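Contents: one structure, followed by commentary.
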2 protein chains.
Amino acid sequence: MQIDLDLLFTWGAIAKEYKKGEMIFCEDETANFYYQIMEGSIRMYNSNDDGKEFTQGYFHEGQSFGEPPLFINECYPSTAEAFQDSVIVKLSKEKFLKILEEYPAIQKQFLTLMSRRIHSKAMTSKDIINQKPEFRIIAFLNAHKKGRSGCEKEQVPFTRQEIANFTGLRVETVIRALSKMAKERKVDIVNHKIYF
Amino acid sequence: MQIDLDLLFTWGAIAKEYKKGEMIFCEDETANFYYQIMEGSIRMYNSNDDGKEFTQGYFHEGQSFGEPPLFINECYPSTAEAFQDSVIVKLSKEKFLKILEEYPAIQKQFLTLMSRRIHSKAMTSKDIINQKPEFRIIAFLNAHKKGRSGCEKEQVPFTRQEIANFTGLRVETVIRALSKMAKERKVDIVNHKIYF
DNA sequence: CGAGTCTTTGACCGTCCTCAATTCATGTGG
DNA sequence: CCACATGAATTGAGGACGGTCAAAGACTCG
C-alpha cells in the first residue's frame, strides 16, 4: 500500500468509482491530483495518429499512478483508464505535496518507487527494442505473472490485443507467435486461453 | 549541478578520469557508488547476444547517473561507458545515502530528477514503439538538441551508428531515412554532417 | 600519407504488417 | 433452450519495409 488510506482521507481525499474503460486522466492534460487504487486496476497508454495504442503499464490495487508529473509540473505523457471497474482515491496535488513535506519517510518511499519504475522501464525498452516477437511476448508474460513461485502454468488474464498493445506488435503477429510457442510447449493454449 | 562538489569531496568523494570508451560500470554488476560527471559525457546502454547495442541515454557535465539501483538494492540494468574523455566524481553508496538523510532538500531534488527520468523514458518508448524510422529519428534529434530556441539548424554531434543504437534501427536504415529527410529539407546534410 | 572509422550504395531476403474473411466463445433476450 | 449479437481469435494471401551482407568511397587525425 502506498499511502495509508486513513491518512489520505484525513487530508481530504475522496474515493471515486470508475467503470471499466472510463478515462481517469488524459494525455497532455495538466496533473492536479494524486491517484491511488483501492480496487480494480488501470492501464496507462498512448495512442498515435493511426489509432494504434501503446500500453505503458498496468497498475493494481494498492498502487499509485501518474505521480511523476506532480513533481515536475508537466502534463501527463499518457492516458489512464480503468482496466476493470475500479475505486480510486484522489487527492489534490497541493495536499499531496504537503503530505510529503510532513512525512519524510513517505517522501523516501516515493523516491524508492520512482527508482523501481525507472529500473523496470529500462528493462522494458531493452526487451522491446532488441528482440524478436517471441522474446517480447515472453518478457511481457514474465513481467505480468502473479504467482512467481509456482511451477504450474497460470492463465494469462490478457487478450491478444492487449499483449499486442504492450509489446508494440500486431494482434495477428501475437497470435501466430503464441501458436508457435504452444507447439514448443513454452505456453499452453486450451480453448483460446493462454497458460504460462 | 546535482550535488555540490565541495560537499561531495567533504564526504570523501574522489574524482577519477576515464578515457573515451572506458567502462564505468557494467550490466548486472552490484551498485556501490554514486557517480557525478565533472567533465565529459557518458552513455548508458545494453547489448544483446548478437552484439547489437541499445542506448538507454546520454549524460552530461553536471549530471549524475546510475542512481536508481542505489535506492532499491538492485544490480545495474545497463552498462555505462565514457562517451568522451571524462572526469567523474565517485562516492560510496553508504555516504551518498547518508547525505540524503542529512539534507532533505537534496533528497527532494532526487525525487524530482527521477520523475523527470520516468517522464522522458515514457516519451522515448512511446516514440520508438509506434513510429516509422523517420519519426524515431526526429524524436531522437529533438530530444538531444541543445539550443532549443534558435531557428537555425545546428550540427548533430552523433554518428549514424549512434543514432541507430538509440532508435533501435540499423545504420543503413538511418542513413537511408536521413537522405530522404534531407531531400524533403527536414534536415540538412553537408559533407556527411547532419544539421537539424 | 595512411590507418581507422564512418558513410554510402545496391541487391536480396525475411519478417511483420495489412486487409479481408471466417470461426469461435460468451452472454443476452425471447 | 435456441437464435442472435458482440467481441475475440484465426487464417490466408500479398506486399512493404527494414534487416543483412558485401563492397566501395570519404573523412579525420596523427
Side-chain angles (χ1 to χ4, degrees), chain A residues 19-21 43 47-55 83-85 127-141 155-183 187-196, chain B residues 19-21 43 47-55 81 83-85 127-140 155-183 187-196:
Chain A
K19 288 279 160 222
K20 174 174 178 160
R43 175 173 82 104
S47 38
N48 68 358
D49 326 319
D50 359 329
K52 192 176 166 185
E53 295 187 352
F54 170 60
T55 300
F83 183 58
Q84 311 169 320
D85 293 350
D127 290 337
I128 287 181
I129 289 289
N130 273 322
Q131 314 288 1
K132 314 219 156 305
E134 185 174 318
F135 263 82
R136 300 197 204 179
I137 294 174
I138 292 181
F140 171 84
L141 293 175
Q155 187 178 335
V156 175
F158 295 96
T159 68
R160 285 133 228 250
Q161 183 63 59
E162 283 156 3
I163 299 179
N165 288 341
F166 194 92
T167 51
L169 301 166
R170 310 256 89 173
V171 206
E172 296 92 331
T173 307
V174 171
I175 287 169
R176 293 191 246 258
L178 280 172
S179 348
K180 192 159 74 73
M181 291 162 67
K183 283 208 191 73
V187 299
D188 290 341
I189 297 182
V190 317
N191 226 339
H192 301 162
K193 288 178 187 44
I194 307 162
Y195 295 84
F196 175 74
Chain B
K19 287 280 160 220
K20 174 174 178 159
R43 176 172 83 105
S47 38
N48 69 356
D49 325 320
D50 1 330
K52 192 176 166 185
E53 295 187 353
F54 170 60
T55 300
E81 73 171 40
F83 182 58
Q84 312 169 319
D85 293 351
D127 291 336
I128 287 181
I129 290 289
N130 272 323
Q131 314 289 0
K132 313 217 156 305
E134 184 173 320
F135 264 82
R136 299 199 206 179
I137 294 175
I138 292 181
F140 171 83
Q155 187 178 334
V156 175
F158 294 96
T159 69
R160 283 134 229 250
Q161 182 63 61
E162 282 157 3
I163 299 178
N165 287 340
F166 194 93
T167 51
L169 301 166
R170 309 256 91 171
V171 206
E172 297 92 331
T173 307
V174 171
I175 287 169
R176 293 191 247 258
L178 280 171
S179 350
K180 191 158 75 73
M181 291 162 69
K183 284 207 191 72
V187 299
D188 291 340
I189 297 181
V190 316
N191 228 336
H192 302 159
K193 288 176 187 45
I194 307 163
Y195 295 85
F196 175 75

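To find a chain, count down the sequence lines: A is the first, B the second, and so on, and within it residues start at 1. Quick caveat: nothing in here was measured; it's all calculated off a predicted structure.
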Spacing between [X] atom [atom1] and [N] atom [atom2], to the nearest angstrom:
| X | N | atom1 | atom2 | answer |
| --- | --- | --- | --- | --- |
| B/Asn165 | D/dG19 | CG | P | 12 Å |
| B/Ile137 | D/dC17 | CD1 | P | 15 Å |
| A/Gln155 | D/dA8 | CD | P | 15 Å |
| B/Ile189 | C/dT7 | CD1 | C1' | 10 Å |
| B/Phe158 | C/dC6 | CZ | P | 14 Å |
| A/Lys180 | C/dG14 | NZ | P | 15 Å |
| A/His192 | C/dT22 | NE2 | P | 17 Å |
| A/Arg136 | C/dT15 | CZ | C1' | 11 Å |

[atom1]-[atom2] distance between [X] and [Y], expressed to the nearest 0.5 angstrom:
| X | Y | atom1 | atom2 | value |
| --- | --- | --- | --- | --- |
| A/Glu172 | A/Gln161 | CD | CD | 8.5 Å |
| A/Phe158 | A/Arg43 | CZ | CZ | 10.5 Å |
| A/Glu53 | A/Glu162 | CD | CD | 10.0 Å |
| B/Lys132 | A/Asn48 | NZ | CG | 9.0 Å |
| A/Ile189 | A/Ile175 | CD1 | CD1 | 9.5 Å |
| A/Ile194 | A/Ile163 | CD1 | CD1 | 4.0 Å |

Measuring to OP1 and OP2 of [N], would you say a side-chain N or O of [X] lies under 4.0 angstrom away?
| X | N | result |
| --- | --- | --- |
| B/Asn191 | D/dA26 | no |
| A/Lys193 | C/dT26 | yes |
| A/Lys52 | C/dT18 | no |

Looking at D/dG18, C/dA25, C/dT7, which one has an atom nearest to any side-chain atom of B/Arg160?
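Out of D/dG18, C/dA25, C/dT7, the nucleotide with an atom closest to B/Arg160's side chain is C/dT7.
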By a strict heavy-atom criterion of less than 4.0 Å, which residues belonging to residues 168-178 of chain A are in contact with DNA chain D?
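Output list: A/Glu172, A/Ile175, A/Arg176.
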Within the 4.5 Å heavy-atom criterion, are A/Thr55 and A/Phe83 side-chain neighbours or not?
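Side chain of A/Thr55 against side chain of A/Phe83, heavy atoms only: no contact under 4.5 Å found.
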